[in-house]
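First up is the structure itself, then whatever we jot down about it.
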Amino acid sequence: MKVFLTAIILAFTGGALFVNLGSIPDSFLLSHTASRFYREAVVTETGALNTVSAILYDFRAFDSLGESTVIFATVSGIVLLLSRKTLPVSSAGLSLIVKRTFGILTPFVFLLSVYIILHGHLSPGGGFQGGVLLAVITIIFCIIYGSSFDLSRYPPQRKTLIETTGALLFLGVGIIGIALTGSFLGNPSAWRGVPGTLPSAGSIVPINLGVGLKVGAGLAIIFYSMIQKTLKRQ
Amino acid sequence: MIEMHLFISYALILLGCFFALSTTIGILRFPDLYTRIHAGAVALTMSALLITVGTAVYVWELFLSLKILLIGVFLLISNPMATHAIARVAYRHRIAIPVSRDLSSRQKFEEDNRHDSS
Amino acid sequence: MTLLEAFLLPLLLVIAILVVAFRDLLSSVITLSVFSTVLAIIYIIHQAPDVALAEVVIGSGLMTAVYIAVISKIRTYRQTHKRGEKE
Amino acid sequence: MILAAAVFLVILVFFSSWRLLRGPTIPDRLIAADTMGIFLAMVMLLTGVFYNARLMVDVVLVFTVLQFVDMLVFAKYYEHGELFK
């Protein structure tokens with residue numbers, strides 16, 4: 001009886017959702033005012049070709065500041081919960097072949113993440129995606145070389161320093177925006193450059209860099225805190 | 001000239017699809033973990049490489065083709081490495097026993113494990 | 001709906017059912033990474049490369065490692081708990 | 001032609017998911033997931049080239065890196081029974 005009732009409710013909800021999805025007209029959405037404004041004004045007002053990045057880091061940059069504050073709060077909570085008084089766990093890694101191969105491949109991954117962060121206003125990507133790729137480097141170190149290698153190369157204090165640098169870079173760009181344009185996180189027109197080239201799009205590039213450093217270091221701290229073992233209480 | 005490089009790219013992609021088909025048949029029909037790993041390493045890498053080169057020929061711009069070829073080079077390095085790690089784990093921890101007609105490989109497997117555990 | 005989408009959406013459904021149906025947590029996580037890949041292809045078909053990149057990076061790269069770390073923590077807690085009960 | 005190859009690869013992914021369902025051991029499932037992931041990366045590349053190549057290639061490049069790291073994480077977890085011992 002319960003299964004029958006569940007099946008009926010599921011079928012009803014699925015049918016309603018399907019009908020709703022089918023009744024959305026395609027051309028209606030793009031001709032509306034806000035999306036039309038974004039489509040027309042992105043290149044002239046910000047100088048960025050990537051519309052999503054321009055909306056995230058120029059029109060709604062204050063919102064992105066709030067999101068990076070959320071990441072900061074998450075990192076603080078996890079570090080408080082999983083205590084810092086821990087052992088660097090193991091130096092056991094995978095086999096020698098994998099270690100040698102990643103000696104070649106890890107700089108490539110770093111280069112890829114820097115490319116995605118710095119080309120955030122031209123091609124898909126941006127601060128968040130490139131930052132997660134930076135955090136993947138810590139995962140590679142912990143998995144393949146053992147987490148004591150990661151502790152010796154990038155200790156948690158240095159990761160915290162990188163994360164704070166990213167946040168301060170974001171706030172500093174906002175304050176420079178106050179000085180140059182009169183509003184917080186404003187996009188100064190002197191930095192705008194030619195759209196389509198690498199040094200363009202005003203304050204979007206340093207904001208991307210700050211978000212990338214912040215997200216990468218924060219997620220690396222989260223992963224490194226989660227794989228550690230706590231000391232046994234004697 | 002343009003039709004020529006389109007023809008070459010279609011031929012390469014078709015060959016890659018053939019290797020992909022053989023990979024799937026191998027994964028589905030082989031009796032043993034290690035033979036399946038063999039199918040997933042060799043034929044899959046060949047298929048991915050052929051499709052990548054075919055796509056790079058299809059696009060036919062310098063930097064875009066080089067970027068697509070970079071994917072192929074990365075797959076050429078990475079896929080055998082991943083299958084190597086998986087096969088090594090499965091062999092060292094005697095998760096799957098090789099199925100074979102002759103007893104010598106089975107005996108070698110047992111001896112390796114005995115030597116490992118002692 | 002293109003021809004490719006007509007094949008990809010049932011694949012998405014099948015893989016989602018597999019994720020829920022597995023008893024083993026590790027198999028579920030393995031299947032979940034495939035799920036996020038299929039979702040990224042659907043985003044690419046709908047001309048949203050930014051969302052596809054975010055989906056690939058989070059769903060296939062980061063969440064798998066974090067899930068595995070969490071499963072590892074749960075297993076060790078359970079083993080030590082059992083051992084403590086035995087003693 | 002490009003789309004036909006992509007559809008063919010998706011059908012092959014359908015068949016490979018049988019091994020994901022019925023693998024006797026975890027490494028079988030890992031091999032099946034690896035195969036499906038690389039097939040899907042090829043589908044991603046082909047559809048991206050079909051629609052707008054200049055934007056979509058980065059996604060495939062990032063995905064191949066992350067797929068590789070994924071497989072190594074699973075292998076490391078399965079080697080020790082936990083992520084670190």
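Just so you know, these numbers come straight off a predicted model, no measurement behind them. Proteins come first, then strands; the chains are lettered A, B, ... in the order of their sequence lines, and each starts at number 1.
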Query raised in the report: Which residues, numbered in order, of residues 9-16 of chain B come under 4.5 angstrom of chain D by heavy-atom distance?
Result: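 Counting heavy atoms that sit under 4.5 Å from chain D, the residues of residues 9-16 of chain B involved are B/Y10, B/I13, B/L14.
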Test item: [X] and [Y] side chains (from C-beta on) under 4.5 Å apart, heavy atoms:
| X | Y | answer |
| --- | --- | --- |
| B/I77 | D/F68 | no |
| D/M71 | B/M81 | no |
| D/I2 | B/T55 | no |
| D/F39 | B/L44 | yes |

Roughly how far apart are [X] [atom1] and [Y] [atom2], rounded to 0.5 Å?
| X | Y | atom1 | atom2 | value |
| --- | --- | --- | --- | --- |
| B/R36 | D/D28 | CZ | CG | 4.5 Å |
| D/S17 | B/L28 | OG | CG | 9.0 Å |
| D/L12 | B/T24 | CG | OG1 | 4.0 Å |
| D/L9 | B/S47 | CG | OG | 6.5 Å |
| B/T23 | D/I31 | OG1 | CD1 | 11.5 Å |
| D/L72 | B/S78 | CG | OG | 9.0 Å |

Is [X] in contact with chain D via its backbone, its side chain, both, or neither, using a 4.5 Å heavy-atom distance?
| X | value |
| --- | --- |
| B/L64 | side chain |
| B/I25 | neither |
| B/F63 | neither |

Heavy-atom distances under 4.5 Å only: say whether [X] touches chain B with side chain, backbone, both or neither.
| X | result |
| --- | --- |
| D/L46 | side chain |
| D/V65 | both |
| D/I38 | side chain |

Report summary line: With chain B, the option among D/I11, D/L45, D/L30 that has the most non-hydrogen atom pairs under 4.5 Å is D/L45
Query raised in the report: Taking only residues two or more places apart in sequence, or in another chain, which ones meet D/F63 in a ring-ring contact (aromatic ring centres under 6.0 Å, His included)?
Result: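 Counting only residues at least two positions away or on another chain, D/F63 forms no ring-ring contact (aromatic ring centres under 6.0 Å, His included).
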Query raised in the report: For D/F8, what residues pass the ring-ring contact (aromatic ring centres under 6.0 Å, His included) criterion, not counting sequence neighbours?
Result: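 Not a single residue meets the ring-ring contact (aromatic ring centres under 6.0 Å, His included) criterion with D/F8.
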Query - side-chain contact (heavy atoms from CB on, under 4.5 Å) assessment of B/T52 paired with D/M42 - result: CA-CA 8 Å; B/T52 323; D/M42 289 303 115; 4.0 Å; yes
Requested in this report: Assess whether side-chain contact (heavy atoms from CB on, under 4.5 Å) is satisfied between D/L61 and B/I68, documenting all intermediate values.
Outcome: CA-CA 8 Å; D/L61 193 54; B/I68 294 174; over 6 Å; no
Show which side-chain atoms of residues 82-90 of chain B pair as donor or acceptor with protein atoms under 3.5 Å away, not counting sequence neighbours.
unit_1: B/T83; atom_1: OG1; unit_2: B/N79; atom_2: O; d: 2.9
unit_1: B/T83; atom_1: OG1; unit_2: B/P80; atom_2: O; d: 2.9
unit_1: B/H84; atom_1: NE2; unit_2: A/S95; atom_2: OG; d: 2.9

